[in-house]
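First up is the structure itself, then whatever we jot down about it.
Ligands are counted one by one from 1 in listed order, and the atoms in each one are counted from 1 as well. Please read all numbers here as calculations on a predicted model, not as lab measurements. For this chain, numbers begin at 1 and follow the sequence in order.
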Amino acid sequence: MPKTVRKTDILRREIRKARKQGETIGLVPTMGSLHAGHLALVEACRRRCDLVVVSVFVNPRQFGPDEDLARYPRDLRRDRRLLEKHGCDIVFAPDAREIYPRGFKTFVGVEGLRDTLCGRLRPGHFDGVTLVVLKLLLALLPDVAFFGEKDYQQLVVVRQMVRDLGFPVEIEGVPLVRDKDGLALSSRSVYLSPEERAIATSLFKSLEMARLLIAGGERRARTVEERTVTLLVDSGVTKVDYAAVVDPSSLEQVKYIDSDVRILVAAWVGATRLIDNIAIDAESIGRKRQASRRGTVAVIMAAGEGKRMKSDLPKVMHKIGGKPMVAQVIDAARQAGVKDIIVVAGDRSQKVMPLLKRLGVEVVRQDVQRGTGHAVLQSYPLLARFGGNVMVLSGDTPLIRGGSIERVLSTHKKHSNTITFITTEVPDATGYGRIVRDKNDNFTRIVEEKDADPGIKAIKEINAGLYCFKAEPLFDALLGIKADNVQMEYYLTDVIETMKSRGGRVEALRMADHTEMLGVNNVKDLEVVREIYARRKKDEDSKRRLENGIHRKRRRR
Ligand code: AMP
């Protein structure tokens, strides 16, 4: 267990001992109730310093009179257990009197920065932060102090104070740690109900959207801020305190985005105030754009991890007929005459990159997997100004034929559809979205299994997951999609609904051979698909031989 110290003089004694042995000292200030975000700071400290001191102090001075000081979560025993596992040597857990003895009168503030953004809405908050940080720095005189980028303004304020005072300490910022669904880890998330927790992820989503807008060419900070706020409001947050595009070191709001910026948001979900932020680097601003691309682009979703494939190989790299699945799909798109191809690759994309490079396709990354809609949205930076059609294919359906893609595309163009997608009848439709048609056989809607009554469940026609969209309404719908499901995943089927309600023409095209759309998710699927592929090849070969034979005979005559 790390040593727990409650008094500053005892702490100083420990520090002196360590110094005598030539050790470097690191400080991680926290308010306890630790999570993986805090622990990342502790680990960063462990990597750089010999003695790791973590302070756990719920600092009353940084809470406003109506804020959550009384109910702020506290559990020192749990914190100490966690810290032990992460290489902390000393937990400094003073009480309020130790830090602010009776008669305490001093205040510390960083002009300008103390009253902007969160400071404007939480008067006195940053004065409380600078005061406690200064007291901690004076207690330890550490070599390095670690602060999370989660509280980005705090990091900037502390850096400014240290610089102004000439305090001999290095301030190291540690990247923000998120939950799987994108929510920035925060001690305050324990306040959230499950419904609020789902809405809370919209902070990250709004920032991701902002990043895509900028990567897609939007340079007006005001527009980015407004779209961010709209998305937050549409997602059901209770109140937005601010969304701001700022200079990363001065926190001054920028008007025009032409170099690195930071986007910060603060919003209330119920009675809980949450903050988040994201870095936008010049590289994403400079991303090459397809300004004048017309015609049709295929977006191939290939980010699936394929956990059930029991292999290190990314799913789409498994071979069918001697070729990686994704290459089969790329071939089919090319056979259909689609030359511009964008592949959405996952976080293990380095294993797919050499192949994709060889095949001459463009690649965008989807780092977290949040549904088909989210996957396609990653191509937005390349297609922001694209007025043509977007064909969406799955990298794990290697049996798709070029002819089928071509048929979707030609129908789409001929009927001037907003969306044309493929449906097929399967022997067992359990688990799939069912296609509902009206009496004229026109598409009405897709009903997911969980919402299907017995009548709907009897339908054998399913959404086969191959779509052709008009690009502009597609991205409009994707960029504004709402957080109406718990996982905050978004799907292309939801987009169909949105685009239809906006007056778009939607056509569901039947495909006779349902095996073309078979997806590979596990080892068994792979076997099935390989068998079908082999059979198909055999049939094609014998057909070809037959035709050639007839041909030769004819010629001989
Ligand atoms: P707090 O206990 O909330 O005062 O946070 C203590 C330190 O941990 C601050 O420097 C925070 O920025 C940092 N921190 C909190 N949450 C995260 C997170 N999700 N990722 C990275 N750092 C964090």
Side-chain angles (χ1 to χ4, degrees), residues 26-48 52-64 67-69 71-76 78-80 82-83 86 88 91-94 96 99 117-118 122 125-137 140 142 144-162 169-192 197 200-201 203-204 207 248 251 262 264-266 272-279 368:
L27 166 68
V28 179
T30 81
M31 298 208 297
S33 187
L34 303 181
H35 50 65
H38 297 111
L39 298 173
L41 268 64
V42 179
E43 276 162 14
C45 183
R46 178 79 279 165
R47 283 194 294 274
R48 285 200 58 192
V52 175
V53 182
V54 177
S55 64
V56 174
F57 178 60
V58 181
N59 174 29
R61 299 251 174 163
Q62 68 187 71
F63 289 78
E67 293 185 3
D68 56 343
L69 174 63
R71 68 167 182 153
Y72 196 85
R74 295 162 169 92
D75 189 347
L76 188 59
R78 178 180 163 277
D79 289 346
R80 289 181 63 213
L82 282 170
L83 289 172
H86 289 81
C88 163
V91 180
F92 181 47
I99 300 291
L117 304 166
C118 281
R122 303 181 69 189
H125 167 71
F126 287 110
D127 295 350
V129 170
T130 40
L131 185 57
V132 79
V133 170
L134 188 57
K135 287 219 68 169
L136 291 167
L137 291 176
L140 273 84
V144 195
F146 296 80
F147 292 84
E149 290 185 348
K150 153 86 192 322
D151 300 84
Y152 193 77
Q153 187 173 6
Q154 168 174 289
L155 173 64
V156 173
V157 166
V158 169
R159 280 210 167 111
Q160 183 74 43
M161 173 183 75
V162 163
V169 63
E170 185 189 332
I171 302 298
E172 182 173 322
V174 178
L176 200 158
V177 179
R178 300 181 179 282
D179 218 339
K180 275 204 297 290
D181 58 7
L183 181 72
L185 292 180
S186 153
S187 306
R188 288 191 165 96
S189 64
V190 296
Y191 301 152
L192 300 168
R197 176 75 180 62
T201 53
L203 270 78
F204 171 59
L207 292 171
L251 295 188
R262 198 101 193 173
L264 276 59
V265 291
T272 307
R273 187 176 188 274
L274 298 167
I275 55 172
D276 201 344
N277 70 85
I278 188 177
V368 283

* Salt bridge check: are R197 and D179 linked by an N-O gap of less than 4.0 Å? -> yes

* Asked: For D151, is at least one N or O under 3.5 Å away from an N or O on ligand 1?
  -> yes

* Please could you name the atoms of ligand 1 that P29 approaches to less than 4.0 Å, counting only its heavy atoms? => 6 (C), 7 (C)

* Are any of the heavy atoms in Q154 under 4.0 Å away from ligand 1? -> yes

* Please report the closest heavy-atom contact between S187 and G32, naming both atoms and the distance. => OG-O, 3.6 Å

* To do: List every atom of ligand 1 that sits less than 4.0 Å from any heavy atom of L185, numbering the atoms from 1 in the order shown and giving each element.
  => 16 (N), 17 (C), 18 (C), 19 (N)

* Numbered atoms and elements of ligand 1 in range of L176, under 4.0 angstrom, heavy atoms -> 20 (N), 21 (C)

* To do: Specify side chain, backbone, both or neither for L41, according to which of its non-hydrogen atoms lie closer than 4.0 Å to ligand 1.
  => side chain

* Structure fact -> If we number the atoms of ligand 1 from 1 as shown, the ones under 4.0 Å from a heavy atom of V177 are 18 (C), 19 (N), 20 (N), 21 (C)

* Asked: Less than 6.0 Å separating the ring centroids of F92 and F57?
  -> no

* **Side chain proximity check, V157 to V129, heavy atoms < 4.5 angstrom** => no

* Asked: Which residue holds the protein heavy atom closest to atom 23 (C) of ligand 1, what is that atom called, and what is the gap in Å?
  -> K150 CB, 3.7 Å

* Asked: With the threshold set at 4.0 Å, does a side-chain nitrogen-carboxylate oxygen contact exist between R178 and D276?
  -> yes

* Asked: Taking both backbone and side-chain atoms of G148, is any N or O found less than 3.5 Å from an N or O belonging to ligand 1?
  -> yes

* Asked: Does a donor on one side chain and an acceptor on the other come within less than 3.5 Å for H125 and Q62?
  -> no

* Asked: Under 3.5 Å, is there a donor-acceptor pair between the side chain of K150 and the main chain of L176?
  -> no

* Around atom 16 (N) of ligand 1, find the nearest protein heavy atom and jot down its residue, atom name and distance. => H35 CE1, 3.2 Å

* Asked: Could a heavy atom of R178 be found less than 4.0 Å from some atom of ligand 1?
  -> no

* To do: State, yes or no, whether a side-chain contact exists between V132 and R61 at a heavy-atom distance under 4.5 Å.
  => no

* Asked: Could you give the distance from CG (L27) to CD (E172), rounded to the nearest 0.5 Å?
  -> 12.5 Å

* Asked: Would you say P175 touches ligand 1, if touching means a heavy atom closer than 4.0 Å?
  -> yes

* Asked: Looking only at distance, does H38 have an N or O less than 3.5 Å from an N or O of ligand 1?
  -> yes

* Quick check: does M31 get an N/O under 3.5 Å from an N/O on ligand 1? -> yes

